[in-house]
Amino acid sequence: MAHTHDHGSQGHDHSRGAGHVHGSTDKKRVLIAACLTAGFMVVEALGGLFTGSLALLADAGHMLADCIALGLAWYAFHLAGRPATVRLTYGFGRVKTLVAYTNGIAIFAIALWIIYEAWERLLTPAPVLGGPMLVVAIAGLLVNIASFFVLHGGDRESLNMRGAILHVLGDLLGSAAAIIAALIILATGWTPIDPILSVLVSLLILSTAWSLMREAAHVLLEGVPASLDRDLIARDIEGTIKGVREVHHMHVWSLDGSSNMATLHACLNDGVDAHKAVSAIKKRLAAEHGIAHATVEPEFGQCADSHNEHDGEHGHAHDVAPHHGHYH
């Protein structure tokens with residue numbers, strides 16, 4: 001039984017080239033954003049302590065986490081550029097997804113801490129210096145806007161980059177909330193607005209953090225990318241590649257949220273050139289479905305795995321839906 005593993009000369013090389021360009025520029029963007037965030041974090045923390053503003057301290061807390069998160073994101077891009085090893089045959093590309101998932105957890109923890117602190121402030125109101133708070137908050141907003149636009153020009157298909165953008169967006173919203181709170185305090189003297197706006201920002205960030213964690217977890221669990229339908233892809237191959245009778249044992253997943261991969265068994269009609277059929281399948285996957293890395297096992301007659309009496313119980317829960325009365 002032939003087992004062919006090939007990358008497909010057209011789609012794969014293009015994918016790698018584009019990924020390398022994105023990775024290089026994204027790495028620089030994340031480093032710039034990390035430096036901007038770290039530089040202003042100390043200023044905002046001191047401003048929060050001086051003015052007594054929870055909104056400023058909350059935003060400084062976000063920025064502290066962001067310094068760590070952006071540093072991890074930068075290191076993830078750095079690792080992703082390393083070549084594959086004997087032990088890590090796919091390389092370090094998935095580190096970016098792992099960091100994105102970790103960033104989501106960090107955002108959750110910070111947001112919950114801010115909500116707790118806000119509750120304490122509501123129970124025991126503290127004086128807030130509106131004027132200095134406004135100055136620091138405006139300066140923070142400008143820094144966060146600069147960081148956001150630096151990152152926004154990167155590859156937004158990358159979960160790692162999206163996690164970095166999410167952190168900075170949280171800082172930006174925190175600075176905006178601090179400005180609004182400072183203006184209200186200056187106009188009315190009503191200090192509870194400070195913790196209330198901090199909670200609203202935290203709840204907004206929690207929802208986006210959950211979305212990021214869910215997508216990153218889906219990649220880590222090797223789920224089918226949202227943009228692809230495994231069964232429709234299998235039917236497409238059966239309907240367009242001459243000599244392919246059926247496709248089964250098909251798995252589709254993403255290495256890092258942008259590089260899609262697949263493995264499948266292709267049942268061929270008798271007399272079909274296996275090499276030509278496999279090449280045609282790989283070209284179709286790359287050109288029509290964005291799957292540049294595929295492993296295709298051509299079969300004639302009975303499937304090599306059909307003798308395993310435990311197929312239905314172990315490892316084949318993801319097989320393509322029954323078709324033409326043939327199912328493994």
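Distance check, rounded to the nearest 0.5 Å: CD1 of I114 to CZ of R121 gives 12.0 Å. With values rounded to the nearest 0.5 angstrom, R245 atom CZ is found 6.0 Å from N269 atom CG. To the nearest 0.5 Å, the span separating NE2 on H289 from OG on S227 amounts to 11.0 Å. Rounding to the nearest 0.5 Å gives a distance of 5.0 Å between CG of L228 and CG of N260. Distance check: L70 CG to I165 CD1 gives 10.5 Å after rounding to the nearest 0.5 Å.
Across every non-hydrogen atom of V143 and L36, the tightest pair is CG1-O, 3.7 Å. Nearest approach of M261 to Y90, heavy atoms of both residues: CE-CE2, 3.1 Å. Between A181 and M133, the closest heavy-atom pair is CB-CE, 3.7 Å. The nearest pair of heavy atoms linking S175 to E44 is OG-OE2, 4.0 Å. Residues V219 and S254 approach most closely at CG1-O, 3.6 Å, considering heavy atoms. Nearest heavy-atom pair, T37 versus S147, reported as atom, atom and distance to 0.1 Å: OG1-OG, 4.1 Å.
For R29 (side chain) and L151 (main-chain N/O), no donor-acceptor pair under 3.5 Å exists by modelled atom type.
No single ILVMFWY cluster, assembled from side-chain heavy atoms under 4.5 Å apart, contains both L232 and V252. Put simply, M213 and L169 are part of two different groups of oily side chains (I, L, V, M, F, W, Y) that touch within less than 4.5 Å, one to the next. Cluster annotation: L206 is connected to V199 through the hydrophobic network of ILVMFWY side chains, with a link wherever side-chain heavy atoms come within less than 4.5 Å. Residues L203 and I105 share a hydrophobic cluster, clusters being chains of Ile/Leu/Val/Met/Phe/Trp/Tyr side chains in contact below 4.5 Å. At a threshold of 4.5 Å between side-chain heavy atoms, the hydrophobic network of Ile, Leu, Val, Met, Phe, Trp and Tyr places W74 and Y101 in two separate groups.
Side-chain contact check for I281 versus V247: every heavy-atom pair is 4.5 Å or farther apart. For the pair I138/L141, no side-chain contact is recorded, criterion being any heavy-atom separation below 4.5 Å from C-beta on.
Listed by first then second residue, pairs satisfying salt bridge (charged side-chain N to carboxylate O under 4.0 Å, His left out) with a partner in residues 258-281 number zero, not counting sequence neighbours. Within the structure, salt bridge (charged side-chain N to carboxylate O under 4.0 Å, His left out) pairs that include any residue of residues 180-193 do not occur (at least two apart or interchain). Applying the salt bridge (charged side-chain N to carboxylate O under 4.0 Å, His left out) test to residues at least two apart or on different chains, none of the pairs has a partner in residues 126-141.
By the salt bridge (charged side-chain N to carboxylate O under 4.0 Å, His left out) test, E222 pairs with R94, sequence neighbours left out. In this view, E117 satisfies the salt bridge (charged side-chain N to carboxylate O under 4.0 Å, His left out) rule with no residue, not counting sequence neighbours. Remark: H265 engages H248, H249, E297, E299, C303, D305 in a side-chain contact (heavy atoms from CB on, under 4.5 Å) (not counting sequence neighbours). Judged as a side-chain contact (heavy atoms from CB on, under 4.5 Å), and not counting sequence neighbours, the contacts of P132 are F50, T51, L129. M41 pairs by the side-chain contact (heavy atoms from CB on, under 4.5 Å) definition with M63, L64, C67, not counting sequence neighbours. Scored by the salt bridge (charged side-chain N to carboxylate O under 4.0 Å, His left out) test, D236 finds R284 as partners (sequence neighbours excluded). In this structure, Y116 has no ring-ring contact (aromatic ring centres under 6.0 Å, His included) partners at least two apart in sequence or on a different chain. Evaluation of the side-chain contact (heavy atoms from CB on, under 4.5 Å) rule for F149 yields I145 as partners, not counting sequence neighbours.
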Assess the residue pair L264 and I233 against the criterion (side-chain contact (heavy atoms from CB on, under 4.5 Å)); give the C-alpha distance rounded to whole Å, side-chain angles, the decisive distance to 0.1 Å, and a yes or no. CA-CA 11 Å; L264 62 95; I233 294 173; over 6 Å; no
Go through it in stages, so that I can follow the logic: the residues are L285 and I237, the test is side-chain contact (heavy atoms from CB on, under 4.5 Å), and I'd like the CA-CA distance, side-chain angles, deciding distance and then a yes or no. CA-CA 8 Å; L285 288 173; I237 293 173; 3.7 Å; yes
Do any side-chain atoms of residues 185-196 form donor-acceptor pairs under 3.5 angstrom with protein atoms, and if so which ones, sequence neighbours left out?
{"residue": "T188", "atom": "OG1", "partner": "I184", "partner atom": "O", "Å": "2.7"}
{"residue": "T188", "atom": "OG1", "partner": "W190", "partner atom": "N", "Å": "3.2"}
{"residue": "D194", "atom": "OD1", "partner": "S53", "partner atom": "OG", "Å": "3.2"}
{"residue": "D194", "atom": "OD1", "partner": "A55", "partner atom": "N", "Å": "3.0"}
{"residue": "D194", "atom": "OD2", "partner": "L54", "partner atom": "N", "Å": "2.7"}
{"residue": "D194", "atom": "OD2", "partner": "A55", "partner atom": "N", "Å": "3.4"}

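Heavy-atom neighbours of F92 CZ from other residues, nucleotides or ligands within 6.0 Å: above the threshold of 12.
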